[in-house]
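Working notes, beginning with the structure itself.
Note on naming: letters A, B, ... go to the chains in the order of the sequence lines (proteins, then strands), and numbering restarts at 1 for each one.
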There are 2 protein chains.
Amino acid sequence: MGRWEPGARGRLLDAALQLFAEQGYDATTAAQIAAQAGLTRTTLFRHFADKREILFQGQSELVSAVTAGVGSAAGEATARELLRAGIAALCAAHVPEQQEIGRRIKRLVAVTPELQERTAFKRSVLTAALEAALATRFADRRLAGALADLGIRAYYDGFWAWTDLRRAEPLADVVLQELDALEGALRNALKRT
Amino acid sequence: MGRWEPGARGRLLDAALQLFAEQGYDATTAAQIAAQAGLTRTTLFRHFADKREILFQGQSELVSAVTAGVGSAAGEATARELLRAGIAALCAAHVPEQQEIGRRIKRLVAVTPELQERTAFKRSVLTAALEAALATRFADRRLAGALADLGIRAYYDGFWAWTDLRRAEPLADVVLQELDALEGALRNALKRT
DNA sequence: GTCTATACAATGATAGAC
DNA sequence: GTCTATCATTGTATAGAC
């Protein structure tokens with residue numbers, strides 16, 4: 001099952017996913033995870049600031065991806081096009097293996113408040129990064145925030161749906177379609193009477 | 001400075017706000033907070049599940065408020081009107097004292113990752129509650145989510161702005177005005193070419 | 001029913017050796 | 001990079017005092 005890279009971080013992720021699924025997050029100690037990965041507790045904490053972070057590694061690359069995606073859009077792009085450029089870059093930062101890993105993480109998060117908290121924080125960091133990137137391209141800070149919420153919602157809802165797919169569909173297809181649907185629903189609801 | 005109720009929870013909040021401001025969140029132990037409030041560490045943890053929760057007490061009432069607000073709107077209310085009913089109820093759940101307390105909490109959150117995490121979690125819980133309440137009143141789950149994001153953004157941005165005001169303005173005035181502005185910006189950006 | 005005393009497991013930090 | 005060892009603190013559990 002070691003389909004992740006053989007580095008320490010990858011082995012720790014594999015070990016954590018297995019032990020959390022068997023015993024639950026709280027009942028699994030950092031020492032157990034380290035032992036299962038052939039390391040010691042101290043080494044685990046050299047790689048990850050805390051136990052939760054084992055499951056959320058690679059999230060900082062997503063911030064870079066979304067920022068770069070917005071930044072590389074054409075100069076005359078509209079606000080909506082800038083948003084789509086950022087979200088598409090976010091999706092491109094994922095590899096197909098995340099489909100199964102994401103599915104397993106989703107099950108754990110659903111039953112673990114500590115992981116829900118970290119999930120919410122990561123989402124807020126990503127939203128803030130997208131908002132900041134958009135705000136460098138057009139003046140309206142309020143619009144940047146509202147569009148960031150919309151895009152990140154499409155990304156998360158699309159991502160979780162993607163992890164449930166059995167075939168290998170590009171993540172961007174699922175997410176951008178979700179974004180279309182969200183935009184349509186909002187446009188309709190905000191219409192002036 | 002004990003302008004909060006004389007109960008244990010209020011005294012602990014006062015003590016925590018003071019000590020966190022002086023020493024920082026991490027450098028302040030639970031025992032210090034308890035001692036400052038004339039209690040012991042054990043009693044602190046009887047009142048609050050963890051150290052962060054001292055600052056976020058009363059948040060569960062906000063969930064009740066937003067749910068009740070949406071639920072009590074007129075039967076023929078539009079989606080936008082339902083949203084405004086929920087947000088208005090949220091604002092009504094605050095007392096003027098929160099203006100100063102919120103200002104002090106904002107400063108602490110800005111420099112403390114642990115508190116940022118809890119803030120993000122509370123926001124996500126509130127968003128989910130609003131989304132669920134809206135979804136009971138109209139069928140479109142996507143619209144419920146997108147409108148919840150919009151309303152909660154107006155609430156938070158408005159709330160932080162409100163804490164900086166020196167006069168005693170109703171919170172709802174600030175927040176609903178923010179919501180108007182957000183709706184206008186989005187409506188314009190989502191317009192079909 | 002609110003408060004306290006005490007013991008306990010686990011996290012996360014730290015300093016130093018291989 | 002990895003390890004051993006030690007440490008303060010959080011948060012839990014359980015007992016009992018006022």
Query raised in the report: Near Q23(A) CD, under 6.0 Å, is it more than 12 heavy atoms from other residues, nucleotides or ligands?
Result: yes
Between [N] ([atom2]) and [X] ([atom1]): distance, integer Å:
X	N	atom1	atom2	result
F48(A)	dG1(D)	CZ	P	14 Å
R52(A)	dG12(C)	CZ	P	7 Å
F45(B)	dA7(C)	CZ	C1'	15 Å
D26(B)	dA13(C)	CG	P	10 Å
K51(A)	dT10(D)	NZ	P	18 Å
L44(A)	dT4(D)	CG	P	14 Å
R41(B)	dT12(D)	CZ	P	10 Å
E114(B)	dG12(C)	CD	C1'	10 Å

Query - T43(B) versus T40(B), side-chain donor and acceptor atoms under 3.5 Å - result: yes
Report task. Identify whether any heavy atom of A31(A) sits under 4.0 Å from a base atom; if not, whether one sits that close to sugar-phosphate; answer base, sugar-phosphate or nothing. Result ->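 Nothing, no heavy atom under 4.0 Å.
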Counting side-chain heavy atoms from CB outward, which of [options] is closest to [X]?
X	options	value
R46(B)	dT2(D), dC3(C), dG11(D)	dC3(C)
T42(A)	dA13(D), dC3(C), dT14(C)	dT14(C)
T40(B)	dA5(C), dC3(D), dC3(C)	dA5(C)
L39(B)	dG11(D), dT4(C), dG1(D)	dT4(C)
T43(B)	dC3(D), dC3(C), dT10(D)	dC3(C)

Report task. Please report the shortest heavy-atom distance between E114(A) and D26(A), naming the atom on each side. Result ->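 Where E114(A) meets D26(A) most closely, the heavy atoms are OE1-OD1, 3.1 Å.
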Requested in this report: Taking all non-hydrogen atoms of both residues into account, name the closest pair between A146(A) and L150(B) and its distance.
Outcome: CB-CD1, 4.1 Å
Query raised in the report: Would one find a side-chain N or O of H47(A) under 4.0 angstrom from OP1 or OP2 of dT2(D)?
Result: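 True: H47(A) side-chain N/O within range (under 4.0 Å) of dT2(D) OP1/OP2.
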Query - Working for salt bridge (charged side-chain N to carboxylate O under 4.0 Å, His left out), residues R153(B) and E178(B) - result: CA-CA 9 Å; R153(B) 176 168 288 271; E178(B) 179 67 26; over 6 Å; no
